[in-house]
Amino acid sequence: MKKGDHLFLVDGSGYIFRAYHALPPLTRKSDGLPVGAVSGFCNMLWKLMVSARDTDVGVVPTHFAVIFDYSSKTFRNELYPEYKANRSAPPEDLVPQFGLIRQATRAFDLPCIEMEGFEADDIIATYARLACEAGADTTIISSDKDLMQLVGETVSMYDPMKDREIRVPEVIEKWGVPPEKMIDLQALTGDSVDNVPGVPGIGPKTAAQLLEQFGDLDTLLARASEIKQNKRRESIIENADKARISRELVRLRDDVPLVDGLDVLTLQPPNGPKLIGFLKAMEFTSLTRRVAEATGADAAVIDPADIVVERGEEAHGPDVGAGEQVPTSDLAGKGAGSAGPVASKGASAAAMAGTPTPANLVATRAAEALAASIDRTAYVTIRDLDTLNEWLADARETGVLSIDTETTSLYPMEAELVGFSIATRPGKAAYVPLAHRNGTGDLLGGGELLPGQIPFAEALAVLKPVLADRSVLKIGQNIKYDWVLLDRLGLTMAPLDDTMLISYVLDGGSSSGNTGGHGMDRLAERWLGHTCIAYKDVAGSGKSQVTFDMVDIERATAYAAEDADVTLRLWRLLKPRLVADGLTSVYERLERPLIDVLGRMERRGIAVDRQILSRLSGDFAQAAAALEDDIYQLAGERFNIGSPKQLGDILFGKMGLAGATKTATGQWSTSARILEDLAAEGHDLPRRIVDWRQLTKLKSTYTDALPGFINRDTRRVHTCYSMASTSTGRLSSSEPNLQNIPIRTTEGRKIRTAFVAEPGRKLISADYSQIELRVLAHVADIPQLRQAFADGIDIHAMTASEMFGVPVEGMPGEVRRRAKAINFGIIYGISAFGLANQLSIPREEAGAYIKKYFERFPGIRDYMDETKATARDKGYVETIFGRRAHYPEIRASNPQVRAFNERAAINAPIQGSAADVIRRAMVRMEAELEKAGLSDVEMLLQVHDELIFEAPESLVDKAIPLIRSVMENAAMPAVAMRVPLHVDARAADNWDEAH
DNA sequence: GTGGTCTCCTA
DNA sequence: GTAGGAGACCACA
């Protein structure tokens, strides 16, 4: 939104009541359904959308939204429980119209916005503020006095029934005070309809006069004794508190955590057929005719739409999630309109197809994609600059460039660019070889560049401006890899789209795991019915594998150009599905902006002290060797301690120890748990085995392996983050995995001391405290948990206290430990079996604990049941930000499979919401640091609930509070959590001390 | 050499 | 009981 734009905000809830009372009561559909208010509403919307210039407002809106009350319960009830308490139930023939009005709004393709905990007025106030900040004007379609406090230079109101605009003079004329004093005026007068107390005996006239005399409410209350009239003075002094609470009740919040910004409210031309379908169903014949004339649609051939009549008062759309603004597909559809030059082209293509709904576009594209065959012989090898320039000009023309780099390594931080492929239209793809060679350049000779390749620097020079061109969308499959590689070469790509991430948002969850994830080969099979050339068919595999620069250019062209072509085709197919499925904002807020954030983190890497690791390796080796001697002695023979099979035979075969259990495959289990139990019985050997395993694990996985990941050039370790490999929305880290560096044991912790800051700098670690339990407290809305988190109490002790009736003071450690295990169990989709295992107690006892827990926290059981039901119903569950995780196998007939999927479905919204929160923090972090003059503070690592930064020592004190603030407020404004988030942060020279 | 199994490190 | 990645072993090719 920009200066000169004009936003219309319709107070839908206010309108419906006013229309109901103002219009003839007898308007009914032929089946008796009362639709008088709906009819008035539709006529008004149509008029405002197409001929607002003819009204008293006299301008054409550029942005438009209809705002509703979500329910009668809002934050005001917490301030004043009696608020709106005397409001009687709405008339019976109005009730079904609440839902119809929302359906009408969607039929008009207008954003339909409501939010739990806030009134429509608060949402209106927030959007009006945002519009004002953007330099735009706002007209509020309402005549409600509660909204008049918002009127000002850029905000006016419009009474649609009187066709009259309300500006500052009109407010003064009606109430005797300017808009900015309306809050104080209402605080004094109160409101009998909403049960706002006010000061008894003070009406609007008196209130206006008093405010005129004293200026504002605070001054009036402070100097009340100066009032001459006895009765009035006494009343005000006595009811000062009522006036203050009233002021808080009538003051509108303009900081509502909106899910969608102003751009989503952009007014689209009316969708004739869709609207007519609704109007016909409602039997609004004259409006149907007017709409048909205006949109050129033939009403005769359009069938009436299906109308859902809801009888309850809570008449929300079916897609309203608890605590969320309605992220309807309508809204998402609008959002996609602003996705750049490409989306608009897609939209016009769909319009030509005649039925421009997102779902139809998706269907058309899917059919197209399957029908089109892929012809590898049409691919081009670009060997000169002129041809390359022609192709890049075509990219500027189409506004899209599918790109894929070919390199010598899977690690983008050490890979060398060998060539790149591009595609500008489906089927039009080319490969640009840059560094193919005629051999490895070993003793046999060779290693020279092959002829017929554009000089490296010249090719990059012409590519660079296109990659940086904001009007050309760069599309890739796992484009973070290409981004990092090209960024190293000084080429920065923006804006980006990633087919892997689009697929991840659309089809994330266990279903994608079973079908091979979101890799391109898999997506091509699934969506295009096409089998891509396998990498190993081009470069070989195993010992005979060669790097891509050794691949024959013709062969490379077929392989590489196909990748770019397939990626472009997938993008055309999958991108519209985001809109159709209402997942645009998940992609736009949680995935797309994270690509370059993670890319920079990977590029920065973290310093690892080789000496420390090498010393630790030596220590571990020595200690392990000593244990090996003991072990052979105790066992009476030498064997491979690392072989569970051999170890099992020694322990349970040769020595005949009791307590043996078998693994799934019938082997003796030698897990740490079993060995610990044996050790507790006084057996020495199992104890040594456990210790030996720990040392060898630390040595092989960490102290020996990590130095191999230190990059030759940067001398730092650069992990690779995967954005699309978990079912819940978490990231994963590999090569090396820096999300599982030891911390639990003292020996293991030492490894963290090897992760260090450069001289003069510090590492800062900031981690969320109990974020998943807080998410649970929020989504399941558990009063005791909310209270405990609000008060900062030890949550596990509180749980124990609730369950076992033990006071928190002097609680035995074992009691708290059990409660803690239960709390974690809940997050994991508890089972008696699992809890029993965790606590080493009988299954019956564990079952009794769980029963007890659910008695104390019935809301948790309800939440779990509801989550399972949704998963069965829809096949997926959602995080609080709308990310979906699919669990189709929750309907499996196999009880084990089903139970597993139920637990996963319970866990996913909790784990996933927490993952979304930290993603949001990461997306915002860099800009916030920069704004605070802290651009030298660098985000390096993410470990699920922790972020690691490296900062110059001098900036640490300023950085810590800012980092905490960004992390703690990361859910806002999309979700106002009912539980505060808490972040601990610390700085030190190494990761061990910082954490 | 590849893939399955077991074990163990993290949140 | 959730979500990951990785090393070692071992049977198979």
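What you see is a predicted model, and the numbers here were worked out from it, not measured in a lab. Letters A, B, ... are given to chains in the order of the sequence lines, protein chains preceding strands, and every chain is numbered from 1.
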Rounded to the Å, how far apart are [X] [atom1] and [N] [atom2]?
{"X": "A:F755", "N": "B:dT10", "atom1": "CZ", "atom2": "P", "value": "13 Å"}
{"X": "A:K699", "N": "B:dC9", "atom1": "NZ", "atom2": "C1'", "value": "17 Å"}
{"X": "A:E772", "N": "B:dA11", "atom1": "CD", "atom2": "P", "value": "11 Å"}
{"X": "A:L675", "N": "B:dT7", "atom1": "CG", "atom2": "P", "value": "9 Å"}
{"X": "A:R673", "N": "B:dC9", "atom1": "CZ", "atom2": "P", "value": "13 Å"}
{"X": "A:Y721", "N": "B:dA11", "atom1": "OH", "atom2": "P", "value": "13 Å"}

Approximate separation, where rounding is to 0.5 Å, of [X] [atom1] and [Y] [atom2]:
{"X": "A:L651", "Y": "A:S669", "atom1": "CG", "atom2": "OG", "answer": "10.5 Å"}
{"X": "A:F854", "Y": "A:D862", "atom1": "CZ", "atom2": "CG", "answer": "9.5 Å"}
{"X": "A:K536", "Y": "A:I533", "atom1": "NZ", "atom2": "CD1", "answer": "13.0 Å"}
{"X": "A:F789", "Y": "A:S769", "atom1": "CZ", "atom2": "OG", "answer": "7.0 Å"}
{"X": "A:I948", "Y": "A:R604", "atom1": "CD1", "atom2": "CZ", "answer": "13.5 Å"}

Close side-chain approach of A:F548 and A:T408, heavy atoms under 4.5 Å: no
Test item: A:L695 and A:L627 side chains (from C-beta on) under 4.5 Å apart, heavy atoms: yes
Strictly below 4.0 Å, heavy-atom distances to any atom of DNA chain B: list the hits from [range], or just say none.
{"range": "residues 940-950 of chain A", "value": "A:V943, A:H944, A:D945"}
{"range": "residues 838-852 of chain A", "value": "none"}
{"range": "residues 899-923 of chain A", "value": "none"}

What protein N or O atoms touch nucleotides 3-5 of chain B N or O atoms at under 3.5 angstrom, if any, and at what distances?
residue	atom	partner	partner atom	Å
B:dT5	O3'	A:T665	OG1	3.3

Pairwise ring pair (Phe, Tyr, Trp, His ring centres under 6.0 Å) hits with a residue in residues 856-875 of chain A, at least two apart: A:Y853-A:F857
Quick one: ring-ring contact (aromatic ring centres under 6.0 Å, His included) partners of [X], sequence neighbours excluded?
{"X": "A:Y504", "answer": "A:H518"}
{"X": "A:F804", "answer": "A:Y849"}
{"X": "A:W692", "answer": "none"}
{"X": "A:F755", "answer": "A:W991"}

Audit row: A:D704, A:L613, side chain to side chain contact (heavy atoms under 4.5 Å, CB included) steps and yes/no: CA-CA 7 Å; A:D704 286 353; A:L613 290 177; over 6 Å; no
Pairing annotation in dot-bracket form, given for DNA chain B with Watson-Crick or G-U pairs under 3.5 Å and | for cross-strand partners: |||||||||||
A:R752, A:K750, A:R749 screened by side chain to side chain donor-acceptor pair (under 3.5 Å) with A:D992, the one that passes: A:R749
Where protein sits on nucleotides 5-13 of chain C, one letter per nucleotide: B base, S sugar-phosphate only, - none, heavy atoms under 4.0 Å: BSSSSS---
Of all pairs that satisfy salt bridge (charged side-chain N to carboxylate O under 4.0 Å, His left out), the ones with a partner from residues 818-834 of chain A, not counting sequence neighbours: A:E814-A:R818, A:R818-A:E845
Pair A:E628 + A:R688: basic N to acidic O under 4.0 Å: no
Sugar-phosphate, base or nothing in reach of A:A672, heavy atoms under 4.0 Å: sugar-phosphate
Nearest to side-chain heavy atoms of A:Y828, which nucleotide of B:dT10, B:dC8, C:dT2: C:dT2
Nucleotide nearest A:S671 when distance is taken to its side chain, options B:dC8, B:dA11, C:dA3: B:dC8
Donor-acceptor under 3.5 Å (A:T799 side chain, A:I795 main chain): yes
Chi angles and distances behind the side chain to side chain contact (heavy atoms under 4.5 Å, CB included) call for A:I827, A:L773: CA-CA 7 Å; A:I827 292 171; A:L773 275 176; 3.8 Å; yes
